[in-house]
Amino acid sequence: MGQDKRQVEAITARDVDFAQWFTDVVKKAELIDYTSVKGMFVMRPYGYAIWENMQAILDGEFKKTGHENVYLPMLIPESLLQKEKDHVQGFAPECAWVTMGGAEKLEERLCIRPTSETLFCEHYANIIHSWRDLPKLYNQWCSVLRWEKTSRPFLRHREFLWQEGHTMHATAEEAIAETEQMLNIYADFCQNVLAMPVIRGRKTEKEKFAGAEATYTIECMMHDKKALQGGTSHYFGDGFARSFDITFADKNNQQAYPHQTSWGVSTRLIGGIIMTHGDDNGLVLPPRIAPIQVMVLPIAMHKPGVLEAAEALRARLAEAGFRVKLDASEQSPGWKFAEYEMKGVPLRVEIGPKDMEKNQCVIARRDNGEKTFVSLDTLEDTVRGLLDAVHDNMFAMAKKNLDDNTFAVNTLAEAKEITNTKGGFLKTKWCGDLACELKMKEDAGVSSRCMPLEQSGTEGVCPVCGKKCTTDIYWGVAY
RNA sequence: CGGGGUGUGGCGAAGUUUGGUAUCGCGCUUGGUUCGGGACCAAGAGGCCUGGGGUUCGAAUCCCCACACUCCGACCA
């Protein structure tokens, strides 16, 4: 029975069990398959295509701003990893080690990179000698490995794909500017490409990257009102340079330490896309990274001319530069509608005998379900306009979710109350004291997300200790 | 790492309490009829019941041990 089939294929309702809904979507939309190693996943063609599209756009932005891609080894000798004290302490608990080469035990065990700061430093020490060698603007696309205790598709893999930029600069000012520039590239990418609104900000001492002087972040709100860190950009000062003995002769022939940055985003952003935009019918993909932007479906395709008309339509859209596919399989139209909704395809174009008579097609939007009749004369322009409209609407809905679920509070009691009843982000003042930050976590169950770059400058009180202070800060439950 | 749940053809489940050699739906294959919101008919194929030990004449079922997935916590860019 059709009814039974619907039940079997159905995913858990989003508002009933968000975590289960997420897992269902990831599997049913064919993004991920599980493997026999915990925390390691197959990224299936459709899931990997999303990453490839994100990669292409980001890589273009990196190149535009002068960065070059490199590739460094995946193994780090223990002694190298240990050169920066804070860094190794931060990562040691989740390192995986190679101890054998063939049948022989290694002299020194090798860490499978959890991140590559140390390798970049080793390399930079070799190639940076003069102010003329700076800046070095390198980026690497690779996978890293962290032995997480619990794992979830996209959100926490033991091995995940990312990019890590590592740059060296003659001055602190230049390095700080780089850190900010990359944060802005990430923020623009999230908003203009992924339709995900972000809060740009700085992490507290407690939350910053191991070994960094300052960590900047873009924080996103998921549909369940929890926070996801979308990307980070770190300013290292010359700390690593000192630990790794990287020096250069400046213009005055004085030996100096270069100033360093690193920045990264990962496939975790795909988890963010799913949890920001998805609904009870499955995935909803932002048009600019959707592997298939338009799916053409012939209706009553056994009737004369329908398949040819559909193919002509597909060819026109492909010619116009859209990522478009035609599904001429034997499945019923209803099956196909549901299938491509599950996969989050932004636009569906239907063409059947009735449309052919009227020189039109039907276009249905994934984001709001709206169907319109479109004259074939204006097909390309209409599709272009609709893809933008879908993007804008997705962004607006996500922004509304963020705004509607961000609450200004002044006391710890309020913070607790709102977190327990509504969830979402809390915006408060903060005195800067670690004890207050810890208390917030202990009592209200929220961690600091970031101190936004756009500070109000007004004076208020720390919700925990009541001291007068001016720093704005966001709190939330994080992924 | 702590607490719960679950492992049975590709997927979802029944069967486990009261041991007797595996059942159903979906999917898959073939043929036919359909086609504007997960179509229908008919005939087929497909299973070391997560793994390893044990008890027994006999284990999906009972016992022990692993492992995996999943949810909630803790941890964690």
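Every chain is numbered from 1, with letters handed out A, B, ... down the list of sequences.
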Any [X] side-chain nitrogen or oxygen under 4.0 Å from OP1 or OP2 of [N]:
X: A:Ser332; N: B:C35; result: no
X: A:Lys149; N: B:A74; result: no
X: A:Thr23; N: B:C71; result: yes
X: A:Arg449; N: B:A77; result: no
X: A:Tyr34; N: B:U70; result: yes

- Just say parallel, tilted or perpendicular for the rings of A:His67 and A:Trp263, cut-offs at 30° and 60°. perpendicular
- Passing candidate, salt bridge (charged side-chain N to carboxylate O under 4.0 Å, His left out) with A:Lys203, options A:Glu213, A:Glu219, A:Glu437: A:Glu219
Does [X] contact [N] through a side-chain donor or acceptor facing the base, at a distance under 3.5 Å?
X: A:Lys371; N: B:G36; value: no
X: A:Thr217; N: B:A77; value: no
X: A:Thr232; N: B:A77; value: yes
X: A:Gln331; N: B:G38; value: no
X: A:Arg146; N: B:C76; value: no

- Note on the structure: pair_partner(B:G46), Watson-Crick or wobble, both distances < 3.5 Å, evaluates to none
Which nucleotide sits closest to the side chain of [X]: [options]?
X: A:Thr150; options: B:U70, B:A77, B:G73; value: B:G73
X: A:Trp162; options: B:C72, B:G37, B:A77; value: B:A77
X: A:Gln20; options: B:C76, B:G38, B:U70; value: B:U70

Rounded [atom1] spacing from [N] to [M] in Å:
N: B:G52; M: B:C48; atom1: P; answer: 13 Å
N: B:C63; M: B:C75; atom1: C1'; answer: 35 Å
N: B:G19; M: B:U61; atom1: C1'; answer: 6 Å

- Message: Against the six-membered ring of A:Phe240, is A:Lys85 placed for a cation-pi contact (under 6.0 Å from the centre, within 45° of the normal)?
- Response: no
- Task: Find which nucleotide of RNA chain B each of A:Lys354 and A:Ser262 is nearest to by heavy atoms, and output the residue with the more 5' nucleotide.
- Result: A:Lys354
- Taking for each residue the nucleotide of RNA chain B bearing the nearest heavy atom, is the 5' side occupied by A:Met40 or by A:Arg268? A:Met40
- Stacking of A:His302 on B:U34 base (centres under 5.5 Å, planes under 30°): no
- Please check if the distance between the ring centroids of A:His166 and A:Tyr124 is under 6.0 Å. no
- Classify the side-chain pair A:Lys354/A:Gln360 by whether it contains a donor and acceptor separated by less than 3.5 Å. no
- Query: When all nucleic acid strands are considered with a 4.0 Å heavy-atom cut-off, which category describes A:Gly369: base, sugar-phosphate, or nothing?
  - Reply: nothing
- Contact class for A:Phe91 vs. all strands (heavy atom < 4.0 Å): base, sugar-phosphate, or nothing? base
- Item | Nucleotide B:C71, atom P - distance to CZ of A:Arg156 in whole Å | 12 Å
- Query: Under a 4.0 Å N-O cut-off, is there an ion pair linking A:Asp279 with A:Arg366?
  - Reply: yes
